[in-house]
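Below is one structure, written out as structure tokens, with a few remarks after it.
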Amino acid sequence: MPGATFSAAGALARLPQAMAGLGALVMVTELGGSYSVAGAVAGAVSLSQALLAPRVSRLTDRLGQTRVLGPQAALNVAAMVALVVAAYLHAPPAALVGLGAAVGVTLPQIGAAARARWTGLLAGDPRLDTALATESLIEEAVFVVGPVLVVAAATGVAPGAGLLVAAALVAVGCALFLAHRSTEPPPRPAGGDQRRVRATASRGVRVLIVMFLAIGVLFGLTEVGVVALTRDLGHPGISGVLLAAWAGASLVSGTIYGSRTWPGDPARRLMLSAAAMTVGGVLIAVATQSVVAAAVALVIAGTANAPTLITGNTLVAVVAPAEAITEAYTWLSVTVFAGIAVGATVGGALIDHGGAPNALWAAAGAGVLATTAAAAGRRAQALADSRRSSRG
């Protein structure tokens, strides 16, 4: 459709999402810093996004994407360059952590902005599901390409090169994305009732936030659990291959799922796909006797991941207030990342006190929570449908 090339520009602009934290981690350690300081800087990048990105996206809904994302991109480039300079000057850890937080706060949420554009362009059009599926698959690809790119630049060129490449991608990608003015949603200034413009005022959005947090915890627990499992089985170097197989299965299933227009209730599909993730988590937890068994389980389990995320994002267009659509999409994105951080932390403690199976069974438990939240989301969907019918 005309103007749809904004999605390709958005893909380029999203690469820094997968590069900023890891780039800071590699840079600090390559320059002689400790892993504790490097981890704190990388954590500041992620945590600041989770805490403040929805507020910035709320401002985007009110003022428009160009007025917010343009200055935000400029500030982000400046923050990344400042972090590189500070690291080379061996600035105190507190300064590095503060600059890491500045990088996270100013990192443009292009994925949410792209989804908001599709939601406005294809409202009521069955092609919206396919468009949102495409955006989800772009994000999966970004988190395959981004880490490879940033590590290659930081270790093969110079420690700060990874972040400088990310800064260049922010500048170029955002400029190209914002150049597509014809597809930009119109601003929705706040009215007298401020609560109406908050995405979290919607019960359906709150349900999705809980669900995506649980999915993130499942991801984090599974990742650290697989790393520990391969170590226990005597093959620590194979963990990356197993996790790549898990992600690859998700990418393939997401492509197949997103290429179809699915009839029926999307809330029901979300509940079923979340249940499939839970079953997959159980399968991984019982397949700990060999690397081959774990690989098979991860491939099977991975097929449920992308369809669940795609369907959850599809429901945003149904349950979120129209004047807070970008904020709602942002909540889901940052909530997954926050859940991954929580899952990785909890998983490490569980592994220390009982081995990899503890973390993997906990991942299955997080799947149960996600399924429960999805079941609650069906009621929110039914209420939304009822309100639309009464207005019609």
Side-chain angles (χ1 to χ4, degrees), residues 1 4 6-7 10-11 14 57 61 109-141 183 185 199-200 202-216 250-277 303-322 324-336 370-371 373-388:
M1 58 177 294
F6 75 82
S7 185
R14 258 182 282 188
S57 291
D61 284 319
Q109 299 297 316
I110 298 297
R115 289 185 174 96
R117 291 193 180 206
W118 285 122
T119 303
L121 291 170
L122 297 176
D125 190 319
R127 292 179 296 172
L128 177 60
D129 290 355
T130 303
L132 295 177
T134 301
E135 295 301 325
S136 294
L137 295 176
I138 286 173
E139 286 188 347
E140 297 219 15
T183 59
T200 51
S202 163
R203 178 177 180 273
V205 171
R206 294 196 299 271
V207 167
L208 288 172
I209 289 172
V210 172
M211 182 184 176
F212 272 56
L213 178 64
I215 290 173
S250 174
L251 190 62
V252 171
S253 67
T255 302
I256 296 171
Y257 181 86
S259 66
R260 292 190 55 187
T261 299
W262 296 89
D265 180 11
R268 180 175 182 273
R269 294 201 306 273
L270 182 64
M271 183 181 65
L272 293 176
S273 60
M277 288 187 73
T303 59
N305 294 349
T308 305
L309 297 174
I310 290 169
T311 308
N313 277 291
T314 299
L315 278 169
V316 169
V318 177
V319 301
I325 196 72
T326 309
E327 180 193 352
Y329 283 125
T330 301
W331 269 113
L332 298 197
S333 296
V334 299
T335 299
V336 169
T371 304
R378 288 197 71 189
R379 174 174 169 77
Q381 167 74 17
L383 290 174
D385 288 344
S386 175
R387 286 195 294 267
R388 288 201 307 274

Would you mind reporting whether [Y] and [X] have side-chain heavy atoms less than 4.5 Å apart?
X: Val316; Y: Arg115; answer: no
X: Arg269; Y: Pro266; answer: yes
X: Thr326; Y: Gln109; answer: no
X: Leu137; Y: Leu251; answer: yes
X: Ser7; Y: Ile138; answer: yes
X: Leu270; Y: Met211; answer: yes

So, does [X] use its side chain to make a donor-acceptor pair with the main chain of [Y] at under 3.5 Å?
X: Ser250; Y: Ala306; value: yes
X: Ser253; Y: Thr303; value: yes
X: Ser273; Y: Ala304; value: no

[X] [atom1] to [Y] [atom2] distance, which is reported to the nearest 0.5 Å:
X: Ile110; Y: Thr330; atom1: CD1; atom2: OG1; result: 10.0 Å
X: Thr119; Y: Ile325; atom1: OG1; atom2: CD1; result: 5.0 Å
X: Thr183; Y: Leu121; atom1: OG1; atom2: CG; result: 6.0 Å

Indicate the atoms forming the closest heavy-atom contact of [X] with [Y], along with that distance.
X: Gly111; Y: Glu139; answer: CA-OE2, 4.0 Å
X: Asn313; Y: Leu132; answer: O-CD1, 3.8 Å
X: Ala114; Y: Phe6; answer: O-CE1, 3.7 Å

* Mind running side-chain contact (heavy atoms from CB on, under 4.5 Å) on Thr311 and Tyr257 for me, showing each step along the way? => CA-CA 10 Å; Thr311 308; Tyr257 181 86; 2.6 Å; yes
* **Verdict with supporting geometry, Tyr329 and Ser57, side-chain hydrogen bond (donor to acceptor under 3.5 Å, both in side chains)** => CA-CA 9 Å; Tyr329 283 125; Ser57 291; over 6 Å; no
* **Sequence-distant partners of Thr314, side-chain hydrogen bond (donor to acceptor under 3.5 Å, both in side chains), two or more places apart** =>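 For Thr314, no residue satisfies side-chain hydrogen bond (donor to acceptor under 3.5 Å, both in side chains) once neighbours in sequence are set aside.
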* **Pairing residues for Phe212 by the ring pair (Phe, Tyr, Trp, His ring centres under 6.0 Å) criterion, not counting sequence neighbours** =>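 With neighbours one apart ignored, the set is empty.
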* To do: Please say whether more than 12 non-hydrogen atoms of neighbouring residues, nucleotides or ligands are located less than 6.0 Å from CZ in Arg268.
  =>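 Not buried by this count: 12 neighbours or fewer within 6.0 Å.
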* To do: For the pair Glu135 and Arg117, find out whether any cationic side-chain nitrogen is under 4.0 Å from an anionic carboxylate oxygen.
  =>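 No, this pair does not count.
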